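Accompanying notes for the structure given below.
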There are 2 protein chains.
Amino acid sequence: MTRPTVNDIAREAGVSLATVDRVLNDRPGVRAKTVSAVQEAVARLGYVRDMAAANLARQRSYQMVAALPDGDSQFLAELEQALREAGSGAAQARVALQILRYPAEDVHALAAALAALPDTTSGVALMAPETPVVRDALRSLRARGIPVIALVSDLPNTERDHFIGIDSRAAGRTAAVLMGRFCGGSTGSILAIAQSMHLRDAVDRRRGFDEVMLAEFPGLTVLPTLETHGADSTLRAVVTEALRHAPDVRGIYLMGAGHRALAATLADLGLTGRMVIIGHELTPHTRQALLSGHIDAVITQNMGHLARSALRVLRARADHAAIDAAQEQLRIEIVIRENLAP
Amino acid sequence: MTRPTVNDIAREAGVSLATVDRVLNDRPGVRAKTVSAVQEAVARLGYVRDMAAANLARQRSYQMVAALPDGDSQFLAELEQALREAGSGAAQARVALQILRYPAEDVHALAAALAALPDTTSGVALMAPETPVVRDALRSLRARGIPVIALVSDLPNTERDHFIGIDSRAAGRTAAVLMGRFCGGSTGSILAIAQSMHLRDAVDRRRGFDEVMLAEFPGLTVLPTLETHGADSTLRAVVTEALRHAPDVRGIYLMGAGHRALAATLADLGLTGRMVIIGHELTPHTRQALLSGHIDAVITQNMGHLARSALRVLRARADHAAIDAAQEQLRIEIVIRENLAP
DNA sequence: TGCAGCTTGAGGTACGCACCTCAAAAAACG
DNA sequence: CGTTTTTTGAGGTGCGTACCTCAAGCTGCA
């Protein structure tokens, strides 16, 4: 009835508690035959280690690290905040999360910081661009036995243990469907704006967006991506310029930050409310824009889920435990004013 | 550096370990002055009880119960499945979840089952209609010190400790916005179909739907709700009849089950793909319908989150611990083909 | 046969906490 | 003041596991 304990295993296998312990914890000095006897007893009784008690005894604490690029984007601020909360929430589970911000453009600084992590680190969650330097840093981390998961933006499969985030291409496709349908069958062109097309995410989003627009909404033409490089003034300039050349713009797909600048620019041009606007990532700005009607929809991922999922996966990795893939699957969320959480 | 333990509290407060224990566990025989001395020490050191160790010592196990109406709807099957998985996932945290199915129409049977629960039950999650019998049963449960949370469909505030589910009215509003925008500014009428308008959820959804349709899409008229009572044949009959009388139907809002029957009916009438269809609850049927293009969007809540949230909240109630409201807030999810999880 | 080396058992300590008992100290009371 | 009552301390045991030591048993090999 009650859960079997190590003592039950010992009795069932006809060995001593010490031997069971040696087997369960991969300690040497046990004959292969005895090992399998114990393992059979474990299987027979359906024993599962009581992690709470084990961690208590082990005096183990998980030293997790999350590394994010620096920068004052609201998205990163939200992510950091979510990680921080997940970290303090998990404190009772003996996990301590340290958040590391590295200079956004300086992957060498990131690599150095990762190399400086103590061997006692039990896991690293990383949001970083996909460069050779980063790849090497990850490989070296993993060689040291430290699991690494990619956050938000995926890294090459072989270099990380897990990816936590949404499929950017599917997110782009989702944005396209909403854009197409919200435009209601009319013809015209669509403006796509990104911070930079050097980031993998932006490229994937754009790719997904184009796929669907081409296939399902042939009446709408997506113009070449405008890059803002994170500067509001640049956004204003390129949008103004683009709208001058293409007066038939029916919608704007804003793939990165800049919603306030965009709203201001459209207001100045007297175009507020005249086109469908779809953005990414729910932040205070986009939330406000949804409420005020400046944006029609936002495609996002839940930062809280992402952060908690990251910690869970890292813990599971550290414990060599299984991961519930379904639970860790992040959804591509569609947010409009009506389903905005209060 | 490390977390303070009860011993640290004892030293800090200048009392013995036994006294700290008495205070922490609300045991009698401690002077008010001493109690506050201990509490101050707790606050000063930022002590938080190690729940894992506490439960280990207490030999505590949580006996949770989830009661759902009987019936073969996919939604209920998914919910039960999700609860079952959440339960086995939480088994390592010493919670055992028993799932109780009661005859859908028989609230007396439900009341009897609830009354028969042992006093050792640590919490009940309940999906039930809002009737006096249910209300009394809940009141009596809570009088016995057993926390009760409402699942999916809320119960009157005073009778339950918590509600886990989405705001049905907001869900209806969300459906309306999608319906209106997907119809693309055209005029006509909208069919609304429910299993029964006796369920609180359906009424709320309809209310939210109407609010938005009236205010934002005056060109679209929502016809009176058709009730199917869960029978495919009824659905077919009422839909066929309704479409005969109203040839200008532009969209269908299916608030409950019946997607297969609806698809078949429309196919027979040669209307497949001719109108916007919006449904509720992601199930194998609606998922299939999204993939095949028979439905345009589904408004849903994540069963996995719901189930896990229910267990978390029940546990927190049992432990008299705080609840992270933000984490337990279920989202109204919008699902279209493009953001359907694989 | 004897000895080294491997394997196993027995038992202890610790983790942080709950819960129990008994005696001693302190406070309240008449 | 003595007596009763309340409050407190000291200490123990156990939860399920990890990890350590030491001695005893077993194995194979020269």
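The shown structure was predicted, so the numbers you read here are calculated from the model rather than taken from an experiment.
- A straight line from CG of B:Leu24 to P of D:dT8 spans 14 Å, rounded to a whole angstrom.
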task = Under the side-chain hydrogen bond (donor to acceptor under 3.5 Å, both in side chains) rule, what do B:Glu78 and B:Gln74 come out as? Steps first, then yes or no, please.
result = CA-CA 6 Å; B:Glu78 294 257 313; B:Gln74 283 195 319; over 6 Å; no

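- Residue B:Asp21 is in base contact, counting any heavy-atom pair closer than 4.0 Å across all strands shown.
- Rounded to the nearest 0.5 Å, atoms CG (A:Asp167) and CZ (A:Arg331) are 14.0 Å apart.
- Here the nucleotide nearest the side chain of B:Arg31, chosen from D:dT21, C:dA27, D:dG16, is C:dA27.
- Atom CZ of B:Arg27 is separated from atom P of C:dT21 by 12 Å (rounded to the nearest Å).
- Nearest to the side-chain atoms of B:Ala57 among the listed nucleotides D:dT17, D:dG16, C:dG16 stands C:dG16.
- Nearest nucleotide to the side chain of A:Thr34, out of C:dT7, D:dT8, D:dT17: C:dT7.
- Residue whose closest nucleotide on DNA chain D sits further toward the 5' end, between A:Ala54 and B:Ala18: B:Ala18.
- Here C:dG9 is the nucleotide among C:dC19, C:dG9, D:dC15 with the atom lying nearest to any side-chain atom of A:Thr19.
- Closest to the A:Val15 side chain, of the nucleotides C:dG16, D:dT17, C:dG9, is C:dG9.
- A donor-acceptor contact under 3.5 Å is not formed by the side chain of B:Arg58 with the base of C:dG16.
- If you check D:dG16, C:dG9, D:dC19 against the side chain of A:Ser16, the one that comes closest is C:dG9.
- Minimum atom distance to the side chain of B:Asp50 is reached by C:dG16, of the listed C:dG16, C:dT8, C:dA18.
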